[in-house]
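Below is one structure, written out as structure tokens; comments come after it.
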Protein chains: 2
Amino acid sequence: MREFKRKLRVLLIDDNSDHLRGVKELITLESSYDVVSATTSANMGINLAKKYRPDIILMDINMPEKDGLQAIQEIEKLELGIKIIALSAYDDADLIFRAMKIGAKGYVLKTMASAQLIYAMDEVAAGKIYLPTALTSRFFEFFQKSFKEEEKVSSEENLLSYLTPREEEVLELLTQGSNYKDIAKKLFISDTTVKTHVNNIFQKLQVNEKTQAVLYAINNGFKKQRLAV
Amino acid sequence: MREFKRKLRVLLIDDNSDHLRGVKELITLESSYDVVSATTSANMGINLAKKYRPDIILMDINMPEKDGLQAIQEIEKLELGIKIIALSAYDDADLIFRAMKIGAKGYVLKTMASAQLIYAMDEVAAGKIYLPTALTSRFFEFFQKSFKEEEKVSSEENLLSYLTPREEEVLELLTQGSNYKDIAKKLFISDTTVKTHVNNIFQKLQVNEKTQAVLYAINNGFKKQRLAV
DNA sequence: TTTGTCCTACATCTTTGGATTGATAATTTG
DNA sequence: CAAATTATCAATCCAAAGATGTAGGACAAA
């Protein structure tokens, strides 16, 4: 079935010219893919991506001059719908995480069998995301670790829990950038009352200025607020 | 080989007592697992987790009274090393994402074949993370989408780019909760100079108070700073 | 050399923020 | 019921923040 479809166009970016050639030959053997261009330079790669608008890019992310992750980011920013598969020599959890975070649709190790690369391309071309099982585990480890750390910060004896409901309301308005007069209006109370609440908030959060209270709130779980300008 | 190892102890939490019974029978048939307890209540489940310290918990996350995600979070907080697999009737991307984020080691749909549940338990027991392929894709979609949105916010014509280097320094200290006098000391300049810089910052960020400038900075890419208390 | 930007600094004045103390009424809790 | 907590308001006082205008020196670009 596959052979009746139009060939998918592939761009290769890899600073190691030996590897580049190898992959190029490998793909050329596949009836369903066509290598439209190949380069050893990340910057050049970005230009070629604009010019040829390939379906898929295989991008080496361990390049010296300009790093591959950055190149992925720039190409993603163009929003050309090009699917990028990251190639790397390392199964580094952080690298995998970052690549996926910025929009890579797959991550394949250079040491893996060539069949796996082709399989990854098939999957990604079909709109899926492909990570080898071993890398998926590493990805999740990193993912969970990074969130666990965030949580620890916010669950360490949170002073916010001592606030009364009204104080929370006042603090929420503070985190939106309101001054005391505005808060008084919004809560239908006098501004001297606002001052009283704010003073109590300071006591409980162990700070002595508005800005510090707001920073404490933001860093300790109060949902991030957009400025109400 | 498996039959020589000690049986792994499993706790079941599912408010649907029919499903609970079914899963219990299923697992009891497996020579390598032992159901140590089962309950239809999330709160009870947390207590049972403390009491029995099972190796694995199968947790239904679509429960009415107390929701399963919250229960997972509370059990994770105990840090008992219990591996939790989320069970759900829905392949909702957001649910999957949240479950994995708070530390679930697997996510299995109730509609899936029983063999898959056992396989998931085997994988998770072995220290891996198990998501069915279809759910992994959904997870990644959601993952990438959530990061893409974050980026958009921070790349929208950022007023921070108009700041001079010195103004950036001042703003950074502001985001750490310093007042003007402190900033003056830290930068070895007079506090009237600090005021000048701050006024210029206000102009450029189109705000008129310290707190608003700090909020703008935090919401627009200035790296989050811990309070220097 | 001139123009412009940046960093520095000061004076003056008004507004806002923050500390402290004290007080009343309503609500909750033991 | 008594005690504690919460929400409200006020007066006073001092410190900090913010607005505005002015200005000199360093430095880079035109």
Side-chain angles (χ1 to χ4, degrees), chain A residues 157-222 225 227-229, chain B residues 157-222 225 227-229:
Chain A
E157 181 46 22
N158 198 330
L159 299 177
L160 291 174
S161 62
Y162 299 130
L163 299 183
T164 67
R166 198 55 160 175
E167 287 162 1
E168 281 181 4
E169 284 184 81
V170 172
L171 182 55
E172 182 167 341
L173 291 171
L174 282 181
T175 65
Q176 290 172 14
S178 303
N179 61 22
Y180 299 167
K181 222 177 266 180
D182 289 344
I183 293 175
K185 275 182 202 157
K186 285 178 189 164
L187 296 184
F188 304 105
I189 56 181
S190 92
D191 52 345
T192 63
T193 306
V194 175
K195 281 191 177 190
T196 308
H197 287 311
V198 170
N199 263 293
N200 291 332
I201 291 170
F202 288 171
Q203 300 301 316
K204 291 181 181 179
L205 302 187
Q206 300 167 21
V207 299
N208 46 28
E209 302 186 22
K210 214 172 56 161
T211 309
Q212 291 190 352
V214 168
L215 286 168
Y216 185 94
I218 289 173
N219 285 326
N220 292 80
F222 233 69
Q225 295 287 340
L227 257 184
V229 187
Chain B
E157 180 44 24
N158 198 331
L159 299 178
L160 291 174
S161 63
Y162 299 130
L163 299 182
T164 68
R166 199 54 159 175
E167 287 162 1
E168 281 180 4
E169 283 184 84
V170 172
L171 182 55
E172 181 166 343
L173 290 171
L174 283 181
T175 65
Q176 291 172 13
S178 302
N179 60 24
Y180 299 166
K181 222 176 268 178
D182 289 344
I183 294 175
K185 274 182 202 159
K186 285 178 189 162
L187 297 184
F188 305 105
I189 55 181
S190 92
D191 51 345
T192 64
T193 305
V194 174
K195 281 190 178 189
T196 307
H197 286 312
V198 170
N199 264 292
N200 292 332
I201 292 171
F202 289 170
Q203 302 299 318
K204 291 182 180 177
L205 301 188
Q206 300 168 20
V207 299
N208 46 27
E209 313 184 14
K210 213 172 57 160
T211 309
Q212 291 190 351
V214 168
L215 286 169
Y216 185 94
I218 289 173
N219 285 325
N220 293 80
F222 232 68
Q225 295 287 342
L227 258 183
V229 186

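What's counted below: heavy atoms across the whole structure, side chains too, no hydrogens, waters or symmetry copies.
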Supply the atom-to-atom distance Ile201(B) CD1 to Arg166(B) CZ, rounded to the nearest 0.5 angstrom.
-> 11.0 Å

Go through dA19(C), dG18(D), dC9(D) for me and flag the one nearest to the Ile189(A) side chain.
-> dC9(D)

Find out whether Ile183(A) and Val198(A) are in side-chain contact, i.e. whether some heavy atom of one side chain is under 4.5 Å from a heavy atom of the other.
-> no

Could you tell me which residues satisfy side-chain contact (heavy atoms from CB on, under 4.5 Å) with Thr193(A), sequence neighbours excluded, listed by chain and number?
-> Ile189(A), Ser190(A), His197(A)

Which of the following nucleotides, dC7(C), dA19(D), dA17(D), is nearest to the side chain of Pro165(B)?
-> dC7(C)

Would you say Tyr180(B) and Leu174(B) make side-chain contact, with heavy atoms under 4.5 Å?
-> yes

Between dT14(C) (P) and Lys181(A) (NZ): distance, integer Å | 15 Å

Does a side-chain heavy-atom distance below 4.5 Å link Gln176(A) with Leu173(A)?
-> yes

CD-OG1 distance between Glu169(B) and Thr164(B), expressed to the nearest 0.5 angstrom | 9.0 Å

Let me know, please, whether Arg166(A) or Asn208(B) comes out on the 5' side of the other along DNA chain D by nearest nucleotide.
-> Arg166(A)

Whole angstrom value for the distance that separates P of dG21(D) from CG of Asn200(B) | 13 Å

Taken to the nearest whole Å, CG/Asn179(B) to P/dG18(D) is 11 Å

Strand-adjacent residues in residues 191-199 of chain A, judged by heavy atoms under 4.0 Å from DNA chain D = Thr192(A), Thr193(A), Thr196(A), His197(A)

Taking only side-chain nitrogens and oxygens of Ser190(B), does any of them come within less than 4.0 Å of OP1 or OP2 of dC10(C)?
-> yes

Over how many whole Å does the gap from Leu187(A) atom CG to dC9(D) atom P extend?
-> 11 Å

In whole angstroms, the gap separating P of dC9(D) from CZ of Phe188(A) amounts to 12 Å

With the side chain defined as heavy atoms from C-beta on, Phe202(B) is closest, among dA16(D), dC7(C), dG18(D), to dG18(D)

Whole-Å distance separating the CD atom of Gln203(B) from the P atom of dA19(D) = 7 Å

Nearest-Å distance, CD (Glu169(A)) to C1' (dT8(D))?
-> 14 Å

Check every atom of dG18(D), dC7(C), dA9(C) against the side chain of Thr164(B) and return the nucleotide holding the closest atom.
-> dC7(C)

The residue, Lys210(A) or Glu167(B), whose nearest nucleotide of DNA chain C is more 5′ is Glu167(B)

Side chain of Asp191(B), backbone of Val194(B): donor and acceptor closer than 3.5 Å?
-> no

Taking atom C1' of dG18(D) as reference, at what distance in whole Å does atom CD1 of Ile201(B) sit?
-> 13 Å

